[in-house]
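Just below is one structure, and these are the notes that go with it.
Positions are given from 1 along the sequence.
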Amino acid sequence: MNHCGVIFDILVTSTTTTSTSTTSTTSTSTTTSTSTSATTTPCNRFSTQVTYSTGTNPISVAAADVNGDSKLDIIVANDGSNNVGVLLNNGNGTFAAQVTYSTDSHPRSVAAADVNGDSKLDIIVANYGSKNVGVLLNNGNGTFAAQVAYSSGYMPYSVAAADVNGDSKLDIIVANDGSNNVGVLLNNGNGTFAAQVTYSTGTEPVSVAAADVNGDSKLDIIVANYGSNNVSVLLNNGNGTFAVQVTYSTGTNPISVAAADVSGDSKLDIIVANYGSNNVSVFLNNDNGTFVAQVTYSSGYGPWSVAAADVNGDSKHDIIVANYGSNNVGVFLNNGNGTFAAQVTYSSDSSPVSVTAADVNGDSTLDIIVANYGSNNVGVFLANCN
């Protein structure tokens, strides 16, 4: 499978909903390839994965305590089965068989958030083939009601939940791949959502994250534009509307984005997986919500998903990447100053496309969860502390 196959359809048309500005400002970047020797420290190694069956073509994974037992469960979007699967934690880092809940066509991205204020985590899913996002409310015991769908743009590919207007209610942000925009659906206050308002991005936005990048306590939007080879930053105006994007050049085909303070300056930086360049980019924050040119680190073949987490317990954010074409997960340890050691890889099953980090067995170390698209399962790598 390549980027123009089943997962990533070639764009031939696009639709537009209510849109704000269409002008973008581009900041040119240069790329420096960095490679250093990996070091071994406690908790930076992971056991052989244990796999759990999912539906067909799992494409997105999240970890959340959905049944209130203080154990993190797994939620997976099954692209080929048109459903989401919930795998409850048995309490020791092993998982029960998935229970599935129907979505619309080709769910591509999943997030967990309490959208109706009952202190229970609900599920949000981007339904790529149906031009909508689905919200599945938690029944209060880790089972979920039938989805309620809200219209998005064309080919919604990625979804995130964040309070963007400061009302303490979680809103929905969706990257509309085929419409070249992001949609913001404000929470009505009861777990239902207003119609999306859209903001122009680059070409083929496929990944979205929310983070306060300029230190004003308002959540901004970061988008990976697969077709434009850049990332967009849309600053929050302070009321849940967003300024025109500023773009930063990436490698080829950026497909996943995350935000984390990797340099220890209390400012959130940007991390990107560049599918076509076989590397990850790190953009350090200039302390004002603008970013320096990327520094790149070699990954495996076809890096599809990136996450930031402290996997070795040194209070520094490391990088985890799912290498689709190499059938492995790469871990880049933070050198302590926002630069990274060469990746150490751990074998997954076929075509890993989504990765997250969570402590699933309660030992206070972060484990890795990966969705193996080609094997119809999720893999769990427990952290080995020495």
Test side-chain contact (heavy atoms from CB on, under 4.5 Å) applied to S151 - qualifying residues, sequence neighbours left out
none
Qualifying residues under side-chain contact (heavy atoms from CB on, under 4.5 Å), relative to L382, sequence neighbours excluded
S47, V360, N361, D367, V380
To the nearest 0.5 Å, what is the distance between OG (S200) and CZ (F242)?
14.0 Å
Residues two or more places apart in sequence or in another chain: which of them pass side-chain hydrogen bond (donor to acceptor under 3.5 Å, both in side chains) with N334?
none
Provide the closest heavy-atom pair for N132 versus P156 in the form atom of the first, atom of the second, distance.
O-CG, 3.6 Å
Compute whether any side-chain donor of one residue and acceptor of the other, for T365 and D363, lie under 3.5 angstrom apart.
yes
Give a yes or no on whether the backbone of Y154 and the side-chain of S179 come within a donor-acceptor separation of less than 3.5 Å.
yes
Got a second to check how far I124's CD1 is from Y150's OH, nearest 0.5 Å?
10.0 Å
Looking only at non-hydrogen atoms, find the nearest pair between P205 and G202 and report the distance.
CD-O, 3.7 Å
For the hydrophobic clusters of this structure (ILVMFWY residues joined by side-chain heavy atoms under 4.5 Å, transitively), does one cluster hold both V321 and V282?
yes
For V174 and S152 the tightest heavy-atom approach is CG1-CB, 4.3 Å
For Q147 and D104, what are the C-alpha separation, side-chain angles and deciding distance, and is it a side-chain hydrogen bond (donor to acceptor under 3.5 Å, both in side chains)?
CA-CA 9 Å; Q147 76 161 0; D104 279 356; 2.9 Å; yes
Stepwise side-chain hydrogen bond (donor to acceptor under 3.5 Å, both in side chains) test for N377 and D349
CA-CA 8 Å; N377 61 35; D349 273 7; 2.9 Å; yes
side-chain contact (heavy atoms from CB on, under 4.5 Å) filter on T241, not counting sequence neighbours, yields Y199, N237, N239
Per the ring pair (Phe, Tyr, Trp, His ring centres under 6.0 Å) rule, what does the pair list look like for residues 55-74, sequence neighbours excluded?
none
Partner set under side-chain contact (heavy atoms from CB on, under 4.5 Å) for S277, not counting sequence neighbours
T252, N274, N279
What pair of heavy atoms forms the shortest contact from K131 to M155, and how long is it?
CG-N, 4.2 Å
Check: N187 side chain, G189 main-chain N or O, donor-acceptor pair, under 3.5 Å:
yes
Under a plain distance cut-off of 3.5 Å, with no hydrogens placed, do D269 and N285 share a side-chain donor-acceptor pair?
no
Which of parallel (below 30°), tilted (30 to 60°) and perpendicular (above 60°) describes F144 and Y101?
perpendicular
Tell me if the centroids of the rings in Y128 and Y157 come within less than 6.0 Å of each other.
yes
Could you tell me how the ring of Y324 sits relative to the ring of Y275: parallel (under 30°), tilted (30 to 60°) or perpendicular (over 60°)?
tilted
What I want to find out is whether R108 reaches D79 closely enough, with some N-O distance under 4.0 Å, to be called a salt bridge.
yes
